[in-house]
Visitor: 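The structure that follows is given in the form of structure tokens.
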Amino acid sequence: MKMSKLFVQTLREFPNDAEAISHKLLVRAGFIKKLANGIYTYMPLAQRVLNKISNIIREEMNASGAQELLMPFVQPAEVWQKSGRWAKYGKELLRCKDRHDNEMCLAPTHEEVVTSVVSDVAKSYKQLPLNVYQIQTKFRDEIRPRFGLLRGREFIMKDAYSFHTSQEDLEREYKVMAQTYTSIFNRCGLETKAVQSDSGAIGGAVSHEYMVLTDTAVGENDVFYCDSCDYSANSNHAISILPIQETNGADYGYNEEKTVDTPNVKTIEDLSKFLKINENCILKAVAYIADSKPAIAMIRGDKEIEETKLMNALNAIEIRPMEESEIKEYLNSEAGFISYRSVDKSKVKVIFDNTVKGMKNFVLGANERDKHIVGANLEEDIKEFHDISVVKVGEFCPVCKKPLKITRGIEVGNIFQLGTKYSEPMNAVYTDENGELKPYIMGCYGIGVSRTMAAAIEKYHDDFGIIWPIEIAPYHVIVIPVDTKDPVQAEKADEIYNKLNELGIETVIDDRSDRAGVKFKDADLIGFPIRITVGRTISEGLVEFKLRKEGEVKKLTPEEAIEECQKILLN
RNA sequence: CGGGACGUAGCGCAGCUUGGUAGCGCACUACCUUGGGGUGGUAGGGGUCGCAGGUUCAAAUCCUGUCGUUCCGACCA
């Protein structure tokens, strides 16, 4: 490809509205162009990267026995109503109507359709197990799309679904997919960590997220991990061992239950200062609306609530903090002074965190403005506790009990054992050996293709631009004639360019009449892994060979440079 | 959903206070110049100033509404 013909425009400045480095570089290097919030055109350079990632995925998925298909992106409401998700899926599901007034939606995922398709075709146990996948655009109407391709509304995803006759067979396939994912990301030049995204609790669905670990990534997930064993988990789901620590308000002189005035003391921090007591002796109440119903979560003052865990404990689909007015309405209380004691437990669900077990003579809201109770103790009939707190660094690994560490991760893939979550409500069944109808046992396996591209940039860049891993780089080599007016340089550069292309090495020649500086800047920005510069030294029969990654310049003959390219690509 | 900021050429911005022919840099076109890390110059092309309404002889500028973008918040009561 000639640079003068390549449909790309690099910008001299970073875009103003980008935050994440991958977003800034994708825009500045001319890979993507925004059409609307969270919706982008993939320009030719980006499309080449996406194709490379997709092809690696295809090769690995096919090798592990999965079959590629392609399902509709626009879907009728019926399939979603069948699974029950038409009502449950919130505003992320973009709904619309066709000309006949039929309700439709843009697919955010394909469990419904694939279940429906498979149940029409795979009617016998003889056709199972089955694993089908597609690579396709998805649409999720995110509340706040940001970070470019890391959290767009429209994005490209590989989604695979497997169907089995037994849990054992599902688990076998799950392991196959886990291996497949590791090799896919390795081939993309990305090291990933498979991180638990569920506590692994008995009977619970098992799932893992594949994280590209980077300390620099803005936003995204916190990942807890253990150096001494394999344990790692998304902070959403991480558990830690925290010995039930006894905290006693009596140590601060509060050994008798009584109500005290706490004027204008609203936060735990203020309260702790005002009463001269450690935060871990205060029982904090946080009020939520869970699926339109009120709930309060009680937790030790120094701990924080993990909403995903709370959601699970409440068995809710959607939760949000209560607003001031709702606190009045449902709890007849005021923020800062809520107590679990005075609420009507038949109407308001109360959840206690595990940390509350060890609290004695604690401080509690009095359910009245400017008043708290000190020296309080839990009633004996409160016996149910849940893990609803966020793990903190330094708490202990649940497997080997060593302190946990934290890092940032970008989720690029996930694998999930679904069981009969979809097949049962959708009545998707096969006939088994005994002629009985059974629901499929299912698994699903996703990879964010466009997000993987962005994650690679988050991981591999420097001040000058992108440093593509060669496996997913848009092109392998850029040949730069320094002075296109010098016929020797131009001719020799052309020769190298043609030779490389003949060898199947994807090469761009920067034939523009710009100065060398411009070409170097663009080459670094776009991130070609190999650069061959044809300049003055060509009179001595030498060109410059430079890897974007390492930055060292070697003087080689054109033949040696071409050989070097071949060697690198063979590895 | 709450709060702030911003919408002027593909990108980055000025002009608005005090209403009077729409500007700068990059990018684009042509020519000259330069030729190893974003040369220097000359001449051009490109904008219903987000949209709608209002005030006015006159609105990018003032007022109202609306749409969009963006940042923060939407656990720590």
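Note on naming: letters A, B, ... go to the chains in the order of the sequence lines (proteins, then strands), and numbering restarts at 1 for each one.
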Visitor: Taking any heavy-atom pair under 4.0 Å as a contact, classify Glu544(A): base, sugar-phosphate, or nothing.
Guide: base
Visitor: In whole Å, what separates the P atom of rG50(B) from that of rU33(B)?
Guide: 42 Å
Visitor: Students often get this wrong, so: under 4.0 angstrom with heavy atoms, is Asp302(A) touching a base, only sugar-phosphate, or nothing?
Guide: nothing
Visitor: Base, sugar-phosphate alone, or nothing: which one does Phe464(A) contact when heavy atoms must sit under 4.0 Å apart?
Guide: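 Phe464(A): no heavy atom of the nucleic acid under 4.0 Å.
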Visitor: Would you measure the distance from the P atom in rU8(B) across to the matching atom in rU70(B) and give it in whole Å?
Guide: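 It works out to 14 Å between them.
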Visitor: So which nucleotide does rU48(B) pair with, by the Watson-Crick or G-U wobble rule with both distances under 3.5 Å?
Guide: none
Visitor: Are Asn361(A) and Asn377(A) close enough that a side-chain donor and a side-chain acceptor fall under 3.5 Å?
Guide: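 Judged by distance alone, the side chains do pair up.
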Visitor: Side chains of Asp387(A) and Asn354(A) only: does a donor on one sit below 3.5 Å from an acceptor on the other?
Guide: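 Absent: no donor and acceptor within the cut-off.
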Visitor: Quickly work out the Ile388(A) CD1 to rC76(B) P distance and round it to whole Å.
Guide: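 For the pair Ile388(A) CD1 and rC76(B) P, the rounded distance is 14 Å.
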Visitor: Record whether the side chain of Asp524(A) comes under 3.5 Å of the base of rG37(B) through a donor-acceptor pair of N or O atoms.
Guide: yes
Visitor: So if I take every side-chain heavy atom of Glu304(A) and compare against rG38(B), rC76(B), rC71(B), which nucleotide ends up nearest?
Guide: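 Selected nucleotide (nearest to the side chain): rC76(B).
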Visitor: Mapping Ile338(A) and Lys521(A) onto RNA chain B by nearest heavy atom, which one lands closer to the 5' end?
Guide: Lys521(A)
Visitor: Using the salt bridge (charged side-chain N to carboxylate O under 4.0 Å, His left out) definition, which of the options Glu544(A), Glu564(A), Glu560(A), Glu563(A) pairs with Lys554(A)?
Guide: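 Testing Lys554(A) for a salt bridge (charged side-chain N to carboxylate O under 4.0 Å, His left out) against Glu544(A), Glu564(A), Glu560(A), Glu563(A) leaves exactly one candidate, Glu564(A).
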Visitor: Taking the C1' atom in each of rG47(B) and rG2(B), what is the distance between them to the nearest angstrom?
Guide: 35 Å
Visitor: Determine the Euclidean distance between corresponding C1' atoms of rU61(B) and rG23(B); express it in Å to zero decimal places.
Guide: 14 Å
Visitor: Pick the nucleotide of RNA chain B nearest each of Ser513(A) and Glu13(A); which residue has the one closer to the 5' end?
Guide: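 Whichever sits nearer the 5' end wins; that is Glu13(A).
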Visitor: Rounded to the nearest angstrom, tell me the gap between atom CZ in Arg28(A) and atom P in rG12(B).
Guide: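 That distance rounds to 13 Å.
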Visitor: Could you tell me the separation between the CG atom of Leu525(A) and the C1' atom of rG37(B), rounded to a whole number of Å?
Guide: 13 Å
Visitor: When both hydrogen-bonding distances must be under 3.5 Å and the geometry is Watson-Crick or G-U wobble, what is rG2(B) paired with, if anything?
Guide: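 Looking at the geometry, rG2(B) pairs with rC72(B).
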Visitor: Distance between the C1' atoms of rG38(B) and rG25(B), in whole angstroms?
Guide: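 The same atom, C1', in both gives a distance of 13 Å.
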Visitor: Would you indicate what Asp522(A) reaches in the nucleic acid, counting non-hydrogen atoms under 4.0 angstrom: base, sugar-phosphate, or nothing?
Guide: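 Base contact.
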Visitor: Would you mind reading off the distance between Glu306(A) atom CD and rC76(B) atom P, rounded to a whole angstrom?
Guide: 14 Å
Visitor: How close or far is atom C1' of rC72(B) from atom CD of Glu19(A), stated in whole angstroms?
Guide: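 Computing the Glu19(A):CD to rC72(B):C1' distance gives 11 Å.
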Visitor: Taking atom C1' of rU69(B) as reference, at what distance in whole Å does atom CZ of Phe147(A) sit?
Guide: 16 Å
Visitor: Scan every strand shown for a Watson-Crick or G-U wobble partner of rG7(B), both distances under 3.5 Å, and answer none if you come up empty.
Guide: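 Checking every strand shown, rG7(B) finds its partner in rC67(B), with both distances under 3.5 Å.
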Visitor: How many whole angstroms separate atom NZ of Lys24(A) from atom C1' of rG12(B)?
Guide: 14 Å
Visitor: Taking only side-chain nitrogens and oxygens of Lys34(A), does any of them come within less than 4.0 Å of OP1 or OP2 of rU70(B)?
Guide: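 Yes, such a contact exists.
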Visitor: May I ask you to check whether His386(A) and Phe352(A) place their ring centres under 6.0 Å from each other?
Guide: no
Visitor: Check whether Thr247(A) reaches the backbone of Asn280(A) with its side chain - one donor and one acceptor, N or O, closer than 3.5 Å.
Guide: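 Looks like yes, one N/O pair under 3.5 Å.
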Visitor: Report which part of the nucleic acid Ala297(A) touches: base, sugar-phosphate, or nothing (heavy-atom distance under 4.0 Å, all strands).
Guide: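 The answer is nothing, as Ala297(A) stays clear of every strand by at least 4.0 Å.
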Visitor: Out of rC72(B), rC11(B), rG36(B), which has the shortest distance to the side chain of Phe520(A)?
Guide: rG36(B)
Visitor: Between rU70(B), rU39(B), rG36(B), spot the one nearest the side chain of Ala516(A), thanks.
Guide: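 Selected nucleotide: rG36(B).
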Visitor: Respond yes when some side-chain nitrogen or oxygen of Asn16(A) is under 4.0 Å from OP1 or OP2 of rU70(B), and no when none is.
Guide: no
Visitor: Between C1' on rC76(B) and CZ on Phe337(A), what's the gap in Å once rounded to a whole number?
Guide: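 After rounding, the reported distance stands at 15 Å.
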Visitor: Can a cation-pi geometry be assigned to Arg95(A) and Trp80(A), taking NZ or CZ under 6.0 Å from the six-membered ring centre and within 45° of the ring axis?
Guide: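 Verdict for Trp80(A): no cation-pi partner in Arg95(A).
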Visitor: Of the candidate nucleotides rG12(B), rG37(B), rU39(B), which contains the atom at the shortest distance from the side chain of Arg515(A)?
Guide: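 Comparing rG12(B), rG37(B), rU39(B) against the side chain of Arg515(A), the answer is rU39(B).
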Visitor: P atom, rC62(B) versus rA74(B): distance in rounded Å?
Guide: 34 Å
Visitor: Taking the side chain of Thr10(A) as heavy atoms from C-beta outward, which of rG37(B), rG38(B), rA27(B) is closest to it?
Guide: rG38(B)
Visitor: If we take the P atom in both rG20(B) and rA59(B), what is their distance in whole Å?
Guide: 11 Å
Visitor: Looking for any heavy atom pair under 4.0 Å, which part of the strands does Arg369(A) touch: base, sugar-phosphate only, or nothing?
Guide: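 The answer is nothing, as Arg369(A) stays clear of every strand by at least 4.0 Å.
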Visitor: Would you say rA27(B) has OP1 or OP2 under 4.0 Å from some side-chain N or O of Arg12(A)?
Guide: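 True: Arg12(A) side-chain N/O within range (under 4.0 Å) of rA27(B) OP1/OP2.
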Visitor: Could you measure between the two C1' atoms, the one in rG41(B) and the one in rA22(B), and give it in whole Å?
Guide: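 Their C1' atoms lie roughly 25 Å apart.
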Visitor: Which part of the nucleic acid, if any, lies within contact of Ile268(A), taking any heavy atom under 4.0 Å across all strands shown: a base, the sugar-phosphate backbone alone, or nothing?
Guide: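 If one applies the 4.0 Å heavy-atom cut-off, Ile268(A) turns out to touch the sugar-phosphate alone, with no base involved.
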Visitor: Would you check if the side chain of Asn498(A) reaches a backbone N or O of Asp494(A) as a donor-acceptor pair within less than 3.5 Å?
Guide: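 Between the backbone of Asp494(A) and the side chain of Asn498(A) there is a qualifying donor-acceptor contact (under 3.5 Å).
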Visitor: Any carboxylate oxygen within less than 4.0 angstrom of a Lys/Arg side-chain nitrogen, looking at Arg512(A) and Asp522(A)?
Guide: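 Looking at Asp522(A) together with Arg512(A), the answer is yes, because their closest N to O distance falls below 4.0 Å.
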Visitor: Remember a base hit wins even if backbone is also touched, and classify Lys33(A) as base, sugar-phosphate or nothing at under 4.0 Å, heavy atoms.
Guide: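 Sugar-phosphate contact only - Lys33(A) comes under 4.0 Å of backbone atoms but never of a base.
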Visitor: For rG23(B), which nucleotide in any strand shown is its Watson-Crick or wobble partner with both distances under 3.5 Å?
Guide: rC13(B)
